[in-house]
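To start, the structure under review is shown below, and the notes come after it.
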Amino acid sequence: MKDDQKSMPSYGLGRQMQVYMQGLQGQLPSLPVAPEALEQQAIAHLSQKASGYLAGMEDTMQANLRAFQHWSILPRMLRDVSQRQLSTTILGMQLPVPLLLAPIGVQSIIHLEAEIAVARAAHATGVPMILSTASSRSIEAVAQELGNTPRWFQLYWSKNPDLNASFVRRAEQAGYSAIVVTLDTRLLSWREQDIQNAYLPFLLGEGLANYFSDPVFRQALAQPPEENPGMAIRYFIDIFLNPSLTWDQLSFLRQHTSLPIFLKGILHPDDARLAIDAGMDGIIVSNHGGRQVGGSRAALDALPAVVEAANGQLPILFDSGIRRGSDVLKAIALGAKAVLLGRPYIWGLALGGEAGVQQVLQNLLADLDLTLAVSGFSSISQLDASLLVNERLAQ
Ligand SMILES: Cc1cc2nc3c(=O)[nH]c(=O)nc-3n(C[C@H](O)[C@H](O)[C@H](O)COP(=O)(O)O)c2cc1C
Ligand SMILES: CC(C)CC(=O)C(=O)O
């Protein structure tokens with residue numbers, strides 16, 4: 001984290017003042033500040049294929065956003081909020097803010113500098129990054145940009161066990177401090193826009209940097225990917241999806257890493273109990289941003305039951321629909337230790353590369369810090385359900 005951002009207590013105010021002072025010199029923020037306007041501008045900027053890929057099932061995405069409206073913050077007054085604390089600890093890991101960048105694959109279809117730009121922005125703001133297996137830059141190249149910024153690696157569990165073990169080994173060697181296994185994408189769902197556009201970026205070789213650079217993957221090919229990319233892509237298609245993956249196979253991963261393992265994509269409380277039985281270290285409640293099960297429960301609506309089922313035995317994180325500081329507060333008040341930011345940073349990437357991602361993160365952190373303060377709290381560790389009113393029950 002940069003020195004001028006180390007003191008989080010003045011962060012929100014600092015960002016506000018920076019913007020207003022720039023305004024006095026005739027400079028307005030280069031990106032829209034409201035997430036809705038940011039999204040609109042980014043979608044208009046991207047090709048139809050890329051924006052179609054970013055989309056999801058509209059009803060489920062809307063449900064994710066609406067779920068936040070069902071909860072209202074009931075602020076408290078006249079409490080000293082002059083010193084504020086946004087940092088949190090998860091399984092002994094210190095996170096400067098309760099926010100991580102969600103794993104988002106194939107960023108090369110959004111911006112030429114892809115995950116490199118995102119990693120630089122993460123480093124500049126201190127926001128930890130979760131790198132996707134399907135990234136367009138390798139595990140090692142992204143790590144190099146992150147310096148000492150915390151990083152986790154998201155694993156898509158392929159049909160080749162040696163490849164899975166190799167990915168995890170590479171992540172460990174490159175300083176990633178947790179493994180996130182995504183459970184909800186053992187098959188690709190029926191994605192209407194991609195089908196309409198007949199577009200799957202992997203078939204064009206996008207998002208395969210980790211595969212093409214992996215010794216196990218390369219060994220399985222008769223010719224290296226540089227000489228015969230078509231053959232490498234076909235092999236990727238053969239092994240990538242793994243619908244036969246079941247709970248009992250998680251022990252394999254445990255044998256191959258000493259890093260904490262988080263399961264991403266849990267919505268049902270019974271699955272939270274299975275995660276505990278399987279000896280996992282954490283859960284990420286998520287419906288993949290409404291991209292997998294069309295018509296699924298909004299992720300925020302699923303959070304309280306998962307938190308209750310976990311019963312404090314392992315940390316719960318959350319994503320799907322985080323757009324503003326108040327969303328972060330609500331998810332944390334409902335029991336999440338931290339949240340993952342998804343599409344908003346990709347909109348920033350689309351419009352402004354590294355600087356765009358940085359602006360989105362700075363704004364969100366400032367919003368979070370100020371919303372915490374005006375709600376009457378000085379530390380995110382003070383938040384619990386008493387912050388919120390459930391408007392559906394209150395009516
Ligand atoms: C274009 C795109 C690609 C994604 N790629 C991955 C991925 O590679 N691995 C993964 O676990 N989740 C992936 N996700 C899901 C995100 O990690 C996260 O769950 C989701 O974006 C949260 O929803 P939100 O963006 O609406 O907040 C992807 C999401 C999008 C939009
Ligand atoms: C299928 C993946 C490689 C990327 C992903 O998770 C997504 O597109 O939602």
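Whatever order the structure lists ligands and atoms in, that order sets their numbers, starting from 1. The first residue in the sequence is number 1, and the count goes up from there.
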Do the side chains of W71 and L300 get nearer than 4.5 Å, heavy atoms only?
yes

Checking contacts here: is it the side chain or the backbone of T182 that comes within 4.0 Å of ligand 2, counting heavy atoms only? Could be both or neither.
neither

For S132, the ligand 1 atoms with a heavy-atom partner under 4.0 Å come out as 7 (C), 8 (O)

Establish, from distance only, whether the side-chain atoms of Q62 and E58 form a donor-acceptor pair under 3.5 Å.
yes

Atoms of ligand 1, numbered as shown, that sit under 4.0 Å from any heavy atom of G321
24 (P), 26 (O), 27 (O)

Among S135, S166, S136, which residue meets the side-chain hydrogen bond (donor to acceptor under 3.5 Å, both in side chains) test with N210?
S135

Verdict with reasoning, V81 to F377, per side chain to side chain contact (heavy atoms under 4.5 Å, CB included)
CA-CA 6 Å; V81 293; F377 293 85; 5.7 Å; no

Please work out, at 4.0 Å between heavy atoms, whether the side chain, the backbone, both, or neither of S286 comes within that distance of ligand 1.
side chain

Check H288 against ligand 2 and report side chain, backbone, both or neither, counting heavy atoms closer than 4.0 Å.
side chain

Under a 4.5 Å cut-off applied to non-hydrogen side-chain atoms, are P75 and V374 in contact?
no

With heavy atoms only and a cut-off of under 4.0 Å, state how R291 meets ligand 1: side chain, backbone, both or neither.
side chain

Verify whether one side chain among Q223 and R218 offers a donor that lies under 3.5 Å from an acceptor in the other.
no

Between the side chains of R170 and S138, does any donor sit under 3.5 Å from an acceptor?
no

Within a distance under 4.0 Å of any heavy atom of L54, pick out the atoms of ligand 1 and give their elements.
1 (C), 31 (C)

Judged by non-hydrogen atoms, does R191 sit under 4.0 Å from ligand 2?
yes

Checking heavy-atom distances from atom 28 (C) of ligand 1 to each of P103, A50, A102, the winner is P103

Have R297 and N287 got a donor and an acceptor in their side chains that come within less than 3.5 Å?
no

For T182, the ligand 1 atoms with a heavy-atom partner under 4.0 Å come out as 10 (C), 11 (O)

The atoms of ligand 1 lying under 4.0 Å from a heavy atom of G342, numbered in the order shown, are 21 (O), 25 (O)

Any carboxylate oxygen within less than 4.0 angstrom of a Lys/Arg side-chain nitrogen, looking at R66 and D59?
no

For ligand 1, which atoms sit closer than 4.0 Å to a heavy atom of G289?
20 (C), 22 (C), 23 (O), 26 (O)

Numbered atoms of ligand 1 (with element) below 4.0 Å of R323, judged on heavy atoms:
24 (P), 26 (O), 27 (O)

Just need the protein heavy atom nearest to atom 5 (N) of ligand 1, so name the residue and atom and give the distance.
G105 N, 3.0 Å

Can you pull out the closest protein heavy atom to atom 2 (C) of ligand 2? Residue, atom name and distance to 0.1 Å, please.
Y156 CE1, 3.6 Å

For atom 26 (O) of ligand 1, what is the closest protein heavy atom, and at what distance to 0.1 Å?
R343 NH1, 2.6 Å

Counting from 1, what ligand 1 atoms have a heavy atom of K264 closer than 4.0 Å?
10 (C), 11 (O), 12 (N), 15 (C), 16 (C), 17 (O), 18 (C), 19 (O)

Go through the side-chain N and O atoms of Q94 and S87 and say whether any donor and acceptor fall under 3.5 Å apart.
no

Of the listed options T133, L188, L241, closest to atom 1 (C) of ligand 2 (non-hydrogen atoms)
L188

For atom 3 (C) of ligand 2, what is the closest protein heavy atom, and at what distance to 0.1 Å?
F202 CZ, 3.2 Å

Return the closest protein heavy atom for atom 4 (C) of ligand 2 as residue, atom name and distance.
Y53 OH, 3.4 Å

At under 4.0 Å between heavy atoms, is it the side chain or the backbone of Q154 that contacts ligand 1, or both, or neither?
side chain

Using only heavy-atom distances, determine whether the side chains of N160 and S158 contain a donor-acceptor pair under 3.5 Å.
no

Are A134 and ligand 2 in contact, using a heavy-atom cut-off of under 4.0 Å?
yes

Residue, atom and distance of the protein heavy atom nearest atom 18 (C) of ligand 1 read D319 OD2, 3.3 Å

